[in-house]
Amino acid sequence: MKATGIVRRIDELGRVVIPKEIRSTLRLKSGDPLEIFTDRDELMLKKYSPIASLEKFTEGTAKSLSDLSGYVAVICDTDGVLHASGKGQREFGGKTLSEKMDKVLRERKSYVANLAEGGDVIPIVQGVENVTAQIIVPIVSGGDCLGAVALVSTEQGAKIEAGACKLAQLSATILANQFE
């Protein structure tokens, strides 16, 4: 842990204000759930990701989805990629989501685009611009967007087929059902 040099007092209701600079840096938004950890006299807050709690399940889902579809499979929470599987997975693993991907998650609607058909492919993560076809399916449970399942291709002329779209939708539904 690194010290920030910022000191805050606890108010009479037990609240502490997290400075705006820290909220921006950590991508914390109003309403985000925080998990609380203690160790002796230390208190740590961590942004809570329900999808991350299913680590082995999401890892296996990404691998199976990639094997069945032939595309790179990406499973993310609302901040970054948790698991990626398939040829080209290293470009996605552990990276932060792009602003356009954040928008797709906020809208809670599936997004399909193929460059070969003139579609507008959006970057899933910052710094990866070579995607030629994609489907993004938000994982929604109880009205909350927990993350997304995505299938992507970097091959020229690629098109995400209907069968692959259904696989992505099924995977997102199964993951969402883990929280109901």
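Note that the CE atom of Met101 and the CD atom of Gln134 stand 8.0 Å from one another [nearest 0.5 Å]. Ile75 contributes atom CD1, which lies 12.5 Å from atom CG of Leu146 (distance to the nearest 0.5 angstrom). From Ile122, atom CD1 reaches atom OG of Ser98 across 5.5 Å, with rounding to the nearest 0.5 Å. Distance check, rounded to the nearest 0.5 Å: CE of Met44 to CG of Asp39 gives 9.0 Å. Taken from CG in Leu54 to OG1 in Thr61, the straight-line distance is 8.5 Å, to the nearest 0.5 Å. A distance of 4.5 Å separates CD1 of Ile160 from OH of Tyr71, quoted to the nearest 0.5 Å.
The environment of CD in Glu35 is crowded: more than 12 heavy-atom neighbours from other residues, nucleotides or ligands sit within 6.0 Å. No more than 12 heavy atoms of other residues, nucleotides or ligands shown are found within 6.0 angstrom of NZ on Lys103. At most 12 heavy atoms of other shown residues, nucleotides or ligands fall within 6.0 angstrom of atom CD in Glu155.
Applying the side-chain hydrogen bond (donor to acceptor under 3.5 Å, both in side chains) rule to pairs touching residues 76-89 yields Lys47-Asp79, Ser49-Asp77, Thr58-His83, sequence neighbours excluded. Applying the salt bridge (Lys or Arg N to Asp or Glu O under 4.0 Å) rule to pairs touching residues 157-173 yields Glu117-Lys159, sequence neighbours excluded.
Between Leu105 and Gly147 the shortest heavy-atom distance is CD2-O, 3.5 Å. Taking every heavy atom of both residues into account, Val137 and Ala172 meet most closely at CG1-CB, 3.5 Å. In terms of heavy-atom proximity, Gly93 sits nearest to Ala84 at N-CB, 4.4 Å. Here the shortest heavy-atom pairing between Ala164 and Leu151 reads O-CD1, 3.3 Å. Nearest heavy atoms, Gly86 versus Ser66: CA-OG, 3.2 Å. Of all the heavy atoms in Ala158 and Ala116, the pair that sits closest is O-CB, 4.0 Å.
Considering only residues two or more places apart in sequence or on other chains, Asp120 meets the salt bridge (charged side-chain N to carboxylate O under 4.0 Å, His left out) condition with none of them. Arg9 is linked by a salt bridge (charged side-chain N to carboxylate O under 4.0 Å, His left out) to nothing, counting only residues two or more places apart in sequence or in another chain. A search for side chain to side chain contact (heavy atoms under 4.5 Å, CB included) contacts involving Val72 returns Val74, Phe92, Val152, not counting sequence neighbours. Remark: Arg108 pairs with no residue by the side-chain hydrogen bond (donor to acceptor under 3.5 Å, both in side chains) rule, at least two apart or across chains. With sequence neighbours left out, Arg90 forms a side chain to side chain contact (heavy atoms under 4.5 Å, CB included) with no residue at all. In this view, Asn177 satisfies the side-chain hydrogen bond (donor to acceptor under 3.5 Å, both in side chains) rule with no residue, not counting sequence neighbours. Under the side chain to side chain contact (heavy atoms under 4.5 Å, CB included) criterion, Ile22 pairs with Thr4, Ile6, Ile18, Pro19, Leu26, not counting sequence neighbours. Judged as a side chain to side chain contact (heavy atoms under 4.5 Å, CB included), and not counting sequence neighbours, the contacts of Ala176 are Ile139, Ser141.
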Handout entry: Audit row: Thr132, Asn114, side chain to side chain contact (heavy atoms under 4.5 Å, CB included) steps and yes/no
Key = CA-CA 6 Å; Thr132 59; Asn114 299 303; over 6 Å; no
Handout entry: Derivation of the side chain to side chain contact (heavy atoms under 4.5 Å, CB included) call for Asn130 and Glu91
Key = CA-CA 10 Å; Asn130 61 341; Glu91 293 185 63; 3.3 Å; yes
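In this structure, Lys46 and Leu34 have side chains that are not in contact, with every pair of non-hydrogen atoms separated by 4.5 Å or more. In this structure the side chain of Cys145 never reaches within 4.5 angstrom of the side chain of Arg106, judged on heavy atoms. Side-chain contact between Thr38 and Glu42: absent, with no pair of heavy atoms (C-beta onward) separated by less than 4.5 Å. The shortest side-chain heavy-atom distance between Phe57 and Leu175 falls under the 4.5 Å cut-off.
Of the candidates Thr96, Val81, Val131, Val81 is the only one forming a side-chain contact (heavy atoms from CB on, under 4.5 Å) with Val125.
Cluster partners of Val140: none. The rule joins Ile, Leu, Val, Met, Phe, Trp and Tyr whenever side-chain heavy atoms lie under 4.5 Å apart, and it links nothing here. In this structure, Ile10 belongs to a hydrophobic cluster whose other members, linked by side-chain heavy atoms under 4.5 Å apart, are Val16.
Using a 4.0 Å cut-off between charged side-chain N and carboxylate O, Glu59 and Lys63 make no salt bridge. Taking 4.0 Å as the cut-off between side-chain N and carboxylate O, Arg27 and Asp102 count as a salt-bridged pair.
By the rule that hydrophobic residues join a cluster once side-chain heavy atoms approach within less than 4.5 Å of another member, Leu170 and Ile136 end up as members of separate clusters. In terms of hydrophobic clustering, with Ile, Leu, Val, Met, Phe, Trp and Tyr side chains grouped at heavy-atom distances under 4.5 Å, Val128 and Leu82 are assigned to different clusters.
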